[in-house]
Amino acid sequence: MDLILWRHAEAHEAVDGQLDMDRALTPRGDKQAARMAAWLDRQLPDGVRVLCSPARRCEQTVKALGRKYKLRAELAPDGAAQDLLGVAGWPSNKMPVLVVGHQPTLGQAISQLLGLQLPECPVRKGAVWWLRSREREGVLQTVIVTVQTPDLL
């Protein structure tokens, strides 16, 4: 299974009384999302399922891709890595899944899948981590296919 994890692009800090879920992308974040979406659009396989946090900044990020997506409450900012992996169907889903979400959840999922000692792996805003599950000699492995940041595209 291919699991593509995309952290939302740069967003404005919350202003007085504003809910975290309502934070919007900055102009720089809009550019990051557009650059990463253009790269992803060329790379994503047919039939990829796109899942997105209901937070405004995530939805703005995924809209740059121009593909159908589904909002999932399990991917909200307070979500857990296990919830993310559950909605994605890791590792048995036959189709690739793109998840647009938040730190620290994305980093926790990456750390768990790669067997890192740290509780979470840092993930830059707008970055994509593309992971693949495979079985070798009866052991499930996670392979890093690529890591991309919008600044390098």
Side-chain angles (χ1 to χ4, degrees), residues 1-15 18-26 28-37 39-41 43-45 48-65 67-134 140-153:
M1 169 188 182
D2 281 9
L3 177 62
I4 304 111
L5 302 174
W6 187 9
R7 184 175 179 195
H8 66 79
E10 181 182 274
H12 291 284
E13 294 298 321
V15 294
Q18 182 183 28
L19 297 174
D20 181 55
M21 294 289 286
D22 295 336
R23 292 174 42 217
L25 294 182
T26 63
R28 180 173 186 248
D30 287 330
K31 290 175 188 171
Q32 289 174 334
R35 276 196 305 271
M36 190 57 72
W39 179 83
L40 276 169
D41 193 48
Q43 307 302 322
L44 290 173
V48 67
R49 206 169 138 227
V50 183
L51 305 174
C52 181
S53 161
R56 181 177 179 194
R57 59 194 178 274
C58 287
E59 195 166 4
Q60 288 177 308
T61 298
V62 78
K63 280 184 177 178
L65 187 58
R67 296 189 185 207
K68 290 182 183 181
Y69 62 93
K70 184 169 183 163
L71 296 178
R72 295 298 302 252
E74 298 93 328
L75 302 174
D78 58 352
Q82 280 308 116
D83 294 334
L84 182 155
L85 297 174
V87 297
W90 180 270
S92 58
N93 199 331
K94 301 293 183 216
M95 299 304 293
V97 176
L98 169 64
V99 172
V100 183
H102 309 270
Q103 274 295 87
T105 310
L106 296 175
Q108 290 166 351
I110 292 165
S111 187
Q112 179 181 330
L113 295 177
L114 296 178
L116 302 178
Q117 298 295 330
L118 299 172
E120 71 185 64
C121 179
V123 177
R124 293 185 62 138
K125 290 177 182 161
V128 166
W129 283 65
W130 194 315
L131 307 173
R132 180 171 293 150
S133 65
R134 69 179 185 187
L140 183 65
Q141 299 176 339
T142 301
V143 177
I144 300 172
V145 176
T146 191
V147 177
Q148 292 289 340
T149 64
D151 298 336
L152 296 178
L153 298 175

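A donor atom on one side chain and an acceptor atom on the other are found under 3.5 Å apart for Ser53 and His102.
Here the side chain of Thr61 pairs a donor or acceptor atom with the backbone of Ala9 at under 3.5 angstrom. Under the 3.5 Å distance criterion, the side-chain polar atoms of Gln103 are matched with a main-chain donor or acceptor of Gly107. With hydrogens and angles ignored, the 3.5 Å screen pairs no side-chain donor or acceptor of Arg49 with any backbone N or O of Val97. Within the 3.5 Å criterion, the main-chain N or O of Pro150 finds a donor-acceptor partner in the side chain of Arg35. A distance-only check finds no donor-acceptor pair linking the side chain of Arg7 to the backbone of Trp129 [under 3.5 Å]. For Gln60 (side chain) and Ala55 (main-chain N/O), no donor-acceptor pair under 3.5 Å exists by modelled atom type. Between the side chain of Asn93 and the backbone N or O of Ala88, at least one donor-acceptor pair lies under 3.5 Å.
With respect to the salt-bridge test (charged N to carboxylate O, under 4.0 angstrom), the residues Lys63 and Asp30 do not qualify.
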side-chain contact (heavy atoms from CB on, under 4.5 Å), that's the test. Do Ser133 and Leu140 meet it? Break it down for me. CA-CA 7 Å; Ser133 65; Leu140 183 65; 4.1 Å; yes
Test side-chain contact (heavy atoms from CB on, under 4.5 Å) applied to Arg124 and Asp151, step by step: CA-CA 10 Å; Arg124 293 185 62 138; Asp151 298 336; 3.3 Å; yes
Going through the distances and angles, do Asp2 and Val48 end up as a side-chain contact (heavy atoms from CB on, under 4.5 Å)? CA-CA 9 Å; Asp2 281 9; Val48 67; over 6 Å; no
